[in-house]
Amino acid sequence: MTSGEAEVAVTAEEKDNKRSRLISGPGMLLVWLYGVMVVGAVSRSAVQISTEFDKAPLAYSLSAVAGLVYAFITYSLVRGGDKARRAAFVCCALELAGVLIVGTWTLVEPSAFPDATVWSDFGIGYLLIPVLLPLSAMYWLRKGVLQRQQPEG
């Protein structure tokens, strides 16, 4: 292999690494925010499930599910690559659907939720981050795919 071929190989490899990194730029902020949501949702649900599960089992179980969803998205963003990007996008879409369904449900039938979930009232208890975060993440993940599809130069 000549030095020119080695340079081209290294350059192509560097481009692939940059393209597959999901935690550069805004991705780092998304990872940080999802990490905060993991800690918040998992710790909240763990305490509630272990101390007062019989009070609101549906609400506490949904908070635990939210924490697991946040953890998977965080992992996918940190892992990087095309498969992780697709998995994160699908999971963000499911998260958004969950927030919208649970948020609507808590407004229409509040008696079904004697205590709040992470997604209650569209995440108002978490400053609406649960509804804004998947929208932001899906936009950023989709934007990265579109930028990669554009020809360079």
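Numbering of residues begins at 1 and proceeds along the displayed sequence. Predicted model, so just to flag it, every value in this text is computed and none were measured.
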Looking only at heavy atoms, what is the nearest atom pair of [X] and [Y], with distance?
| X | Y | value |
| --- | --- | --- |
| Ala41 | Ala66 | CB-C, 4.4 Å |
| Gly40 | Ser43 | O-OG, 3.3 Å |
| Ala84 | Gly80 | CB-O, 3.1 Å |
| Leu96 | Met138 | CD2-SD, 4.4 Å |

May I ask you to check whether over 12 heavy atoms, not counting those of Tyr75, lie within 6.0 Å of atom OH? no
With a 4.5 Å cut-off on side-chain heavy atoms, are Val131 and Leu128 touching? yes
Quick one: pull up [atom1] in [X] and [atom2] in [Y] and give me the separation to the nearest 0.5 Å.
| X | Y | atom1 | atom2 | result |
| --- | --- | --- | --- | --- |
| Trp105 | Thr117 | CH2 | OG1 | 10.0 Å |
| Arg85 | Arg79 | CZ | CZ | 13.0 Å |
| Glu95 | Leu100 | CD | CG | 10.0 Å |
| Leu30 | Cys92 | CG | SG | 8.0 Å |
| Ile73 | Leu141 | CD1 | CG | 9.0 Å |
| Leu94 | Ile101 | CG | CD1 | 9.5 Å |

Quick one: do Val102 and Val118 satisfy side-chain contact (heavy atoms from CB on, under 4.5 Å)? Show the steps, please. CA-CA 9 Å; Val102 172; Val118 174; over 6 Å; no
Ring geometry between Tyr34 and Tyr70 (parallel below 30°, tilted from 30 to 60°, perpendicular above 60°): tilted
In terms of hydrophobic clustering (I, L, V, M, F, W, Y; side-chain heavy atoms under 4.5 Å; direct or indirect links), are Leu135 and Trp119 co-clustered? yes
Where the side chain of Ser61 meets the backbone of Leu58, is there a donor-acceptor pair that is under 3.5 Å apart? no
Run the side-chain contact (heavy atoms from CB on, under 4.5 Å) test against Ala56 and tell me which residues pass, sequence neighbours left out. Ala59, Tyr60, Pro114, Asp115
One pair to check against side-chain contact (heavy atoms from CB on, under 4.5 Å): Asp121 and Leu107. What are the steps and the verdict? CA-CA 6 Å; Asp121 303 323; Leu107 294 175; 3.1 Å; yes
Can a donor-acceptor pair be found between the side chains of Gln48 and Ser50 at a distance below 3.5 Å? no
Evaluate the side-chain contact (heavy atoms from CB on, under 4.5 Å) criterion for residues Thr106 and Phe122: first the C-alpha distance (whole Å), next the side-chain angles of each, then the deciding distance (0.1 Å), finally the verdict. CA-CA 9 Å; Thr106 57; Phe122 306 105; over 6 Å; no
Go through Ser136 and Trp140 one step at a time and tell me if the side-chain contact (heavy atoms from CB on, under 4.5 Å) criterion holds. CA-CA 6 Å; Ser136 302; Trp140 184 76; over 6 Å; no
